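Notes follow the structure.
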Amino acid sequence: MFCQDWSPVGSAGAVTGSGMGTRGLRRGGGGATLLISVLAVFSVLRQPSAVSAGSDYTNVPYEALVTNMERFTETGIGHFSEILFDVKRYQLIVGARDALFRLSMDGLKKLERADWPAQPSTIGMCTAKGQTEEMCRNYIKVLVAKEDQVFACGTHAFKPKCSWRNVRQIGKVTRLIDGRAKCPYSPLDNATALITSAGDYFIGSATDFSSTDHAIYRMKGHNVDLYTLRTVQYDSKWLAQPDFVAQFETDDFVYFIFRETAAEVMNCGKAVYSRIARVCKNDQGGSSVLKNQWTTFLKARLNCSLPGEFPFYYNEIQSAAYLESEGMVYATFTTGTNSIAGAAVCNFNMTAIEEAFRGDFKYQSNAASTWSPVKADHKHWECDKRADSDELLASTKFQLMDSSVASVLPPPLHKENLVRFGQIAVDSVAIKHQDNQPVHVIFIAAENGSIKKLAFNPSTKETCLIETLWPFPSSPAPVIRKMKLFSPSSGTAALYITTDYAVMKLEVQRCERFKTNRDCLNAMDPYCGWNKQKNECVTAPNKNPAVSHWQQNLIRCPITTDPVDGDWGDWSDWDQCSFDNPDTRVNSNGDYCRCRKRECDSPAPAN
């Protein structure tokens, strides 16, 4: 089934429409030209056939996203990276190469640009030490806030600097301080930082020019240089070339999530494991032993694997998000870079994490001995007291827990072959039929430029792929450097994304795509339901799914087997076509038209 649309040869255009077109004829052959316009119906006289929805509404192309997607770019500026939400003023601060930006949360309108390049003399020293000019720029690696002050740090041509700035006027620097141990030197190093509710600064990062000294630091004060604590230097049992991906705080602890070379793997070559580590917020360090060093540092392996007699491990964590309201950590994992690509999503509840930290330690008495479990008192590791001399000795011996942290199910929530996942963001969404148990909506950035939108229902333990979004127009797609979710108490949540070229805002839902009650409910999008008063597919009014006129089924996987009405596809290009006039009074010999057509193939017919 198709419809045609055509115009006279040489005309500027033609009326286009579904099933109708305006046609012009040019009679050739040496005589005067006769132009005749006729109106004709070209669609077959039946409705579009029932088609299978297939992957139509679960696969959302760039063309369907671009009209509602907001984007910010700036000439001459690249490598957008860190994102900081300032909810009070409904703005976000974004770090880039050599600059900071203050943008509106709606529309991503530029409110302020603050240039922060490295000094020419510093760049000269950097290149003299063997770095390229591109590396010897100021890449923003830390962007955190304390009340109305923004704390920003950049690599500054391998001589890191930090600054305190007014959140209302980021170009106004209130204090400029040395960035050593507060920011990585290299733009290639991963780092995670936060300022706790008490105002203390925590960072996990490489802390030297050559990126060989990795540490977890805590600092205090306006200059961020008081009461400093760090992990023991150059000791692989504490940290072994870690790549930090996330951190978060609870009442007593600060947690760091990273991947590192596994010191406990012996006689089988090297292996990379994923870890979660914690330190007590009130740690005061040791006196003579472990002076200015952590006495409460512990770490445990995060186990994301396919269970079985011979488990298959996704060993390398890439990104993590802490869902505080649910006490849950979600993370993306991949296989090693030198193996066949594979990726998975696993989640870990805080109960399992704390259970691992209360268990036995894994200990190696000397370099030639095996690692074995050891029992010891945990009291000072629970932040209840300052470590005495015996406990300080225990802190020097024990850093690694014997038990790993098992994921919730324990198989991964979602896995794919021949692909690698990167950034992750998670939202907790209240739904119609589970008053006390929201659904967790997970957004995953894949290396091919797509963003997977999953729904995990903790009640049914079921994970479903709701949508695959394609926010970039072409391949190869840019790397998504950061992806953060903003979910206000009222209003619609959105994803904020940074790449080398742009800052983007992407809505988390596209409910308006579904025009019928059946299509809306079959989509199984936790954000969407049918408003019976307006006959529209919309989000829950005021985020309250309990209202009687908003309809939603129990969230399961999308139903793609129900037949749906197809729609017209795109018009083809104009092409020459012949014409025979049915009116015998007109000689149409030699006449021709320019035609185009479209078919009822959106989505493709299944029968």
Side-chain angles (χ1 to χ4, degrees), residues 62 65-66 68-87 90-116 134 137-145 150-155 170 183-184 186-194 243-247 318-321 332 420-427 443-452 469-474 476-487 493-508:
Y62 171 77
L65 293 173
V66 67
N68 293 320
M69 188 165 55
E70 297 167 2
R71 179 182 172 94
F72 170 78
T73 59
E74 183 83 342
T75 302
I77 296 294
H79 204 284
F80 293 95
S81 54
E82 303 302 313
I83 301 171
L84 175 65
F85 294 128
D86 178 22
V87 180
Y90 212 66
Q91 64 180 7
L92 65 152
I93 314 298
V94 177
R97 184 181 54 210
D98 297 334
L100 293 164
F101 291 90
R102 193 161 55 88
L103 307 176
S104 64
M105 296 192 77
D106 282 337
L108 296 182
K109 298 179 178 64
K110 183 171 69 173
L111 305 176
E112 184 184 359
R113 169 177 167 171
D115 290 318
W116 194 17
E134 184 65 18
R137 306 279 289 272
N138 189 24
Y139 294 83
I140 306 302
K141 302 294 285 186
V142 172
L143 200 56
V144 291
V150 173
F151 186 67
C153 298
T155 58
I170 57 174
C183 174
S186 170
L188 302 179
D189 285 335
N190 290 335
T192 60
L194 66 79
D243 274 306
F244 294 94
V245 301
Q247 68 178 233
Q318 301 298 323
S319 178
T332 53
R420 297 189 189 278
F421 295 155
Q423 293 289 306
I424 187 171
V426 186
D427 196 10
F443 298 89
I444 308 157
E447 66 177 355
N448 61 3
S450 67
I451 297 176
K452 310 281 185 179
L469 312 175
W470 298 89
F472 304 108
S474 60
V479 175
I480 293 178
R481 297 201 171 274
K482 291 290 180 182
M483 183 171 69
K484 296 183 74 171
L485 184 137
F486 176 66
S487 185
L495 286 174
Y496 290 83
I497 297 166
T498 56
T499 71
D500 279 344
Y501 313 105
V503 183
M504 301 163 60
K505 178 185 176 182
L506 185 63
E507 298 295 331
V508 295

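Basis for what follows: all heavy atoms, side chains included, without hydrogens, waters or symmetry-related copies. If you read the sequence from its start, that first residue is 1, and numbering goes on from there. Here the structure is a predicted model, which means the values were calculated and not measured.
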Identify the heavy atoms of Leu469 and Leu65 that sit nearest to each other, and give their distance. CB-CD1, 4.0 Å
Within-4.5 Å side-chain heavy-atom neighbours: Asp427 and Ser487: yes
Ignoring hydrogens and angles, tell me if any N or O in the side chain of Glu70 forms a donor-acceptor pair with the backbone of Leu506 under 3.5 Å. no
Got Met69 and Tyr62 here, is their nearest side-chain heavy-atom distance under 4.5 Å? yes
Walk me through whether Met483 and Tyr496 qualify under side-chain contact (heavy atoms from CB on, under 4.5 Å). CA-CA 6 Å; Met483 183 171 69; Tyr496 290 83; over 6 Å; no
What closest approach, in Å, do Pro471 and Gly449 show between heavy atoms, and which atom pair accounts for it? CD-O, 3.3 Å
For Lys109, does the NZ atom have more than 12 heavy-atom neighbours from other residues, nucleotides or ligands under 6.0 Å away? no
Under a 4.0 Å threshold between the charged nitrogen and the carboxylate oxygen, would Lys141 count as salt-bridged to Glu82? no
Can you tell me if Lys505 uses its side chain to pair, donor with acceptor, with the backbone of Leu495 under 3.5 Å? no
Whether Phe101 and Phe80 hold their rings parallel, tilted or perpendicular, with breakpoints at 30° and 60°: tilted
Is there a side-chain contact between Leu103 and Val94 in this structure, where contact means two heavy atoms from C-beta onward sitting under 4.5 Å apart? yes
Derivation of the side-chain contact (heavy atoms from CB on, under 4.5 Å) call for Gln318 and Gln423: CA-CA 7 Å; Gln318 301 298 323; Gln423 293 289 306; over 6 Å; no
Please report the interatomic distance CZ(Arg102) to CG(Leu92), rounded to the nearest 0.5 Å. 10.5 Å
Residue set satisfying side-chain contact (heavy atoms from CB on, under 4.5 Å) with Arg71, at least two apart, ordered chain then number -> Thr73, Ala502, Met504
Hey, does the side chain of Asn138 reach the backbone of Thr155 with a donor-acceptor pair shorter than 3.5 angstrom? yes
Could you walk me through whether Gln91 and Asp86 pass the side chain to side chain donor-acceptor pair (under 3.5 Å) check? CA-CA 5 Å; Gln91 64 180 7; Asp86 178 22; 2.8 Å; yes
CH2 of Trp470 to CD1 of Ile451, rounded to nearest 0.5 Å, is 10.5 Å
Closest non-hydrogen atom pair, Ala152 against Trp116: O-CH2, 3.6 Å
How far apart are the closest heavy atoms of Ala99 and Asp115, and which atoms are they? CB-OD1, 4.0 Å
Counting N and O atoms only, with roles assigned by atom type, does the side chain of Thr332 sit under 3.5 Å from a partner on the main chain of Ile424, one being a donor and the other an acceptor? no
To the closest 0.5 Å, what do you measure between CD1 (Ile83) and CG (Leu485)? 11.0 Å
Rounded at 0.5 Å granularity, tell me how far OG in Ser319 sits from CG in Asn190. 10.0 Å
Before you tell me yes or no, could you show the steps for Val150 and Leu84 under side-chain contact (heavy atoms from CB on, under 4.5 Å), namely the whole-Å CA-CA distance, both residues' side-chain angles and the distance that decides it to 0.1 Å? CA-CA 9 Å; Val150 173; Leu84 175 65; 4.2 Å; yes
Would you say Tyr90's side chain and Asp106's backbone share a donor-acceptor pair under 3.5 angstrom? no
Evaluate the criterion side-chain contact (heavy atoms from CB on, under 4.5 Å) for residue pair Phe443 and Val508; output intermediate values, then yes/no. CA-CA 9 Å; Phe443 298 89; Val508 295; 3.7 Å; yes
Between Asp189 (side chain only) and Pro184 (backbone N and O only), is there a donor and an acceptor less than 3.5 Å apart? no
Rounded at 0.5 Å granularity, tell me how far CD1 in Ile77 sits from CG in Asp98. 6.5 Å
Taking the six-membered ring of Phe85, is the NZ or CZ of Lys484 close enough (under 6.0 Å from the centre) and on axis enough (within 45°)? yes
Just verifying a value: how many Å separate Tyr139 OH and Cys183 SG, rounded to the nearest 0.5 Å? 13.0 Å
Can you see whether Gln247 engages Thr192 through a side-chain donor-acceptor pair at a distance of less than 3.5 angstrom? yes
Minimal heavy-atom distance between Val426 and Ala321, with the atoms involved, is CG2-CB, 4.1 Å
